[in-house]
Amino acid sequence: MSEFDDAYYHRFYGKDGAHDRERIDHLATAVHHMAAWWGIEIRTVLDVGAGMGFWRDWYRDTHPDVQVRSTDYSAFACRTWGHERRDIATWRPPRSFDLVVCHSVLQYIDDERVIAAIDHLAIATRQLLYLELPTKHDLRHIVDPTGTDLEVHHRTGAWYRRYLQLHFRQIGAGLWAPRAGVPMYELEAAGR
Ligand SMILES: C[S@@+](CC[C@H](N)C(=O)[O-])C[C@H]1O[C@@H](n2cnc3c(N)ncnc32)[C@H](O)[C@@H]1O
């Protein structure tokens with residue numbers, strides 16, 4: 001498994017990597033505005049495994065009134081980009097947040113611990129979870145192997161769904177809502 005150090009972040013982030021600040025700006029704008037469409041006011045955000053802190057920075061720059069708590073497991077990332085040092089597999093968030101972001105993190109956590117991590121994401125999510133991770137299928141057929149870390153756990157989408165569905169309803173485009181969350185039209189989100 002990768003070391004989350006200077007070389008790692010430089011190798012996988014930026015124009016030739018998995019994503020960069022500009023792409024996260026588009027994504028965060030879309031998620032924030034979709035939330036508004038559903039009548040969800042985002043006042044608090046938890047970014048889990050925040051890395052270079054792109055989501056935190058987008059909120060700080062565009063919505064400075066939103067409280068953002070950013071966490072990461074890597075001592076290097078916490079020191080360099082100013083996050084709290086937390087391992088989402090063992091840290092049970094003490095409160096909930098309107099939006100939880102867990103972007104490209106769960107694939108690094110082994111099977112036993114990732115189930116606890118999903119439970120912790122559920123405890124933290126009051127309204128919306130933005131979740132992205134590559135599945136076995138994605139790693140084989142979708143991702144660009146030159147810009148993506150392949151030294152991760154290769155699990156199927158069905159494997160993740162089994163645990164996510166205990167807590168969340170899948171909306172789509174990376175968004176998940178707690179089962180007792182905001183009502184959605186039947187064709188707006190998957191499952192019941
Ligand atoms: C691929 S980077 C993603 C960074 C950021 N979320 C982004 O998308 O720009 C993965 C990050 O997950 C963090 N991470 C890995 N395992 C973690 C864990 N158990 N708890 C919290 N963060 C973790 C790493 O330290 C690293 O910063």
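Remember, it's 1-based here, ligands and their atoms both numbered in the order they're listed. Here the structure is a predicted model, which is why all the values come from computation and not from measurement.
Heavy atoms of Arg86 approach ligand 1 to within less than 4.0 angstrom. Contact between Phe12 and ligand 1 is absent, with no heavy atom of the residue lying under 4.0 Å from the ligand. Ligand 1 is never approached by Trp55 to a heavy-atom distance shorter than 4.0 Å. Not a single heavy atom of Ala77 sits under 4.0 Å from any atom of ligand 1.
For the pair His103 and ligand 1, the shortest N or O to N or O distance falls below 3.5 Å.
Each of the atoms 18 (C), 19 (N) of ligand 1 lies under 4.0 Å from some heavy atom of Ile109. Each of the atoms 4 (C), 27 (O) of ligand 1 lies under 4.0 Å from some heavy atom of Gly51. Those atoms of ligand 1 that come under 4.0 Å of a heavy atom in Tyr108, given as number and element, are 1 (C), 10 (C). Close contacts between ligand 1 and Tyr8 involve ligand atoms 1 (C), 2 (S), 10 (C) [criterion: under 4.0 Å to a heavy atom]. Every atom of ligand 1 with a heavy atom of Tyr9 under 4.0 Å away is listed here by number and element: 24 (C), 25 (O), 26 (C), 27 (O). For ligand 1, the atoms lying closer than 4.0 Å to a non-hydrogen atom of His19 are 7 (C), 8 (O), 9 (O). Those atoms of ligand 1 with a heavy atom of Ser74 less than 4.0 angstrom away are 25 (O).
Nearest non-hydrogen protein atom to atom 3 (C) of ligand 1 is Tyr13 OH, 3.1 Å. What sits closest to atom 10 (C) of ligand 1 on the protein, heavy atoms only, is Ser104 O, 3.2 Å. Summary of contacts: the protein heavy atom closest to atom 20 (N) of ligand 1 is Ile88 N, 3.0 Å. Atom 19 (N) of ligand 1 has Asp87 OD1, 2.8 Å as its closest protein atom, hydrogens excluded (heavy atom only). Closest to atom 25 (O) of ligand 1 among all protein heavy atoms lies Asp72 OD1, 2.4 Å. At the shortest separation from atom 4 (C) of ligand 1 among protein heavy atoms lies Gly49 O, 3.3 Å.
Not counting sequence neighbours, Phe97 has no partner by the ring-ring contact (aromatic ring centres under 6.0 Å, His included) test.
For Tyr73, the OH atom is loosely surrounded, since the number of other residues' heavy atoms within 6.0 Å does not exceed 12. A 6.0 Å sphere centred on CD of Glu188 holds more than 12 heavy atoms belonging to other residues, nucleotides or ligands. Shown here is Arg23, whose CZ atom has no more than 12 heavy atoms of other residues, nucleotides or ligands within 6.0 Å. For Arg21, the CZ atom sits in a packed shell: over 12 heavy atoms of surrounding residues, nucleotides or ligands are nearer than 6.0 Å.
At a heavy-atom cutoff of 4.0 Å, ligand 1 is contacted by no atom of Ala117, backbone or side chain. Both the backbone and the side chain of Tyr73 come within contact range of ligand 1, each with a heavy atom under 4.0 Å. Neither the backbone nor the side chain of Trp81 has any atom closer than 4.0 Å to an atom of ligand 1 (non-hydrogen atoms only).
For the residue pair Gln170 / Arg161, a side-chain donor-acceptor distance below 3.5 Å is found, with atom types taken as modelled. Between the side chains of Arg126 and Ser96, at least one donor-acceptor pair of N or O atoms lies under 3.5 Å. For the residue pair Tyr163 and Asp119, no side-chain donor N or O sits within less than 3.5 Å of a side-chain acceptor on the partner.
Ring to ring, Tyr108 and Phe4 are close: their centroids are under 6.0 angstrom apart. Ring to ring, Tyr130 and Trp176 are not that close: their centroids are 6.0 angstrom or more apart.
With Val48 as the fixed residue, the side chain to side chain contact (heavy atoms under 4.5 Å, CB included) test singles out one of Leu106, Ile88, Leu129: Ile88.
Asp149 CG to Arg11 CZ: the interatomic distance, rounded to the nearest 0.5 Å, is 7.0 Å.
The hydrophobic clustering, which links ILVMFWY residues whose side-chain heavy atoms are closer than 4.5 Å, places Met184 and Ile42 together.
Between Val101, Leu133, Val105, it is Val105 that holds the heavy atom closest to atom 14 (N) of ligand 1.
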